[in-house]
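Below is one structure; the comments refer to it alone.
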Amino acid sequence: MFRRATRTLLTIVMLMAGTALGMGATAGTAHADECYTWNRTLSQGSSGSDVTQLQIRVAGWVTSGERLSYDGQYGARTAAAVKKFQAAYGLSADGVAGPATFSKIYALQDADCTPAHFSYAELNKCNSTWSGGAVPAATAKANALKTMWKLEAMRRQLGDVPITISSGFRSYACNSAVGGASNSRHLYGDAADLVGTPSLCTLARQARVHGFSEILGPGYPGHNDHTHVAFDPSAYWSAPTCGI
């Protein structure tokens, strides 16, 4: 917590220093970040790997049933997600990602690029290598990072309440040991089972507006004790007890 508070303070100081030196909105970022640094302002029409990095962090700020592509193209959907992110954190919601937006992201992420309230350890209780699943280890870990940022958005929208993850990435061996489906999204690293509070139905309903395309919860076979969220190419929601 001390490290994050220090980095947040540094962000504010550097942003103020940049303003004092006459840095405009197009002058780039306020400071270099340990995880990833944006070096230009991004808006509709921008493209590149820096747009993809932004999309990873705002993909949880979408409308019901929508999924934001990680395609490096700053289109209308990315701009809308950025606006929602900005509004959620008290920034000017103009859909343009500049120093203020990036500074907020820097304050939210740790040096390994995970968001403030989640960690790789929470998303992988199977092994330390991310190997043995349906995709290469690097892909599984990258998918888990995308999931964490969606959960961070969900957490914020629920009023900054803690969200507890009981299961994330699984190798085939780990999946078999817990009786998981043979085609489980856990094998891809882009799934998380949520337990505790808020209620499982609250979690299932809220997940619909944060980019999750697979939501299974109370009332669905085998899911009365958790809410499952994932990024499945074929969208499917089912939590009958929750009205989904």
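Given the structure is predicted, the values throughout are model-derived calculations rather than measurements.
Residues F102 and L54 meet the side-chain proximity criterion, which asks for heavy atoms closer than 4.5 Å. Between L158 and L203 there is a side-chain heavy-atom pair separated by less than 4.5 Å. Residues I244 and R208 are in side-chain contact: their nearest non-hydrogen atoms beyond the backbone lie under 4.5 Å apart.
Partners of N224 according to the side-chain hydrogen bond (donor to acceptor under 3.5 Å, both in side chains) rule, which considers only residues two or more places apart in sequence or in another chain, do not exist here. Residues satisfying the side-chain hydrogen bond (donor to acceptor under 3.5 Å, both in side chains) criterion with R57, sequence neighbours excluded, are Q53, Q109.
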Output side-chain donor-acceptor pairs under 3.5 Å for residues 130-145, partner residues at least two apart or in another chain, one line each.
| residue | atom | partner | partner atom | Å |
| --- | --- | --- | --- | --- |
| S131 | OG | T129 | OG1 | 2.6 |
| N143 | ND2 | T139 | O | 3.4 |
| N143 | ND2 | Y188 | O | 2.8 |

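If you run side-chain hydrogen bond (donor to acceptor under 3.5 Å, both in side chains) between E152 and each of Q157, H210, H117, only H117 comes through. Each of N127, N124, N175 was compared with R170 under the side-chain hydrogen bond (donor to acceptor under 3.5 Å, both in side chains) criterion, and only N175 meets it.
Identified under the disulfide (SG to SG under 2.5 Å) test for residues 215-244, with sequence neighbours left out: C201-C242. Pairs of residues two or more places apart, or lying in two chains, that qualify as disulfide (SG to SG under 2.5 Å) and include a residue from residues 42-117 are C35-C113.
In terms of hydrophobic clustering, with Ile, Leu, Val, Met, Phe, Trp and Tyr side chains grouped at heavy-atom distances under 4.5 Å, Y172 and F169 are assigned to different clusters. In the hydrophobic clustering of this structure, Y89 groups with V161; members are Ile, Leu, Val, Met, Phe, Trp, Tyr whose side-chain heavy atoms approach within less than 4.5 Å, directly or through other members. A continuous path of ILVMFWY side-chain contacts below 4.5 Å connects Y120 to V229, so both sit in one hydrophobic cluster. Linking ILVMFWY side-chain heavy atoms closer than 4.5 Å, directly or via other members, places L187 and L123 in two distinct hydrophobic clusters.
In the hydrophobic clustering (ILVMFWY side chains linked at under 4.5 Å, chained through shared members), F231 stands by itself.
A donor and an acceptor atom, one from each side chain of Q73 and T78, are nowhere located under 3.5 Å apart.
A donor-acceptor pair under 3.5 Å links the side-chain atoms of Q55 to the main chain of G72, judged by distance alone. Side chain of R156 to main chain of A88: a donor-acceptor pair is present (N/O by atom type, distance under 3.5 Å, no hydrogens or angles).
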Where do D190 and K146 land on the salt bridge (charged side-chain N to carboxylate O under 4.0 Å, His left out) test, with the steps shown first? CA-CA 7 Å; D190 59 17; K146 294 171 182 176; over 6 Å; no
For a salt bridge (charged side-chain N to carboxylate O under 4.0 Å, His left out) check, start with the C-alpha distance between E214 and R185, then their side-chain angles and the critical distance, and finish with the verdict. CA-CA 9 Å; E214 182 177 273; R185 295 306 304 181; 5.7 Å; no
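The aromatic rings of Y220 and H223 stand perpendicular to each other, their planes meeting at an angle above 60°, with 30° marking the opposite boundary.
M154 and L194 get closest at one heavy-atom pair: CE-CD1, 4.1 Å.
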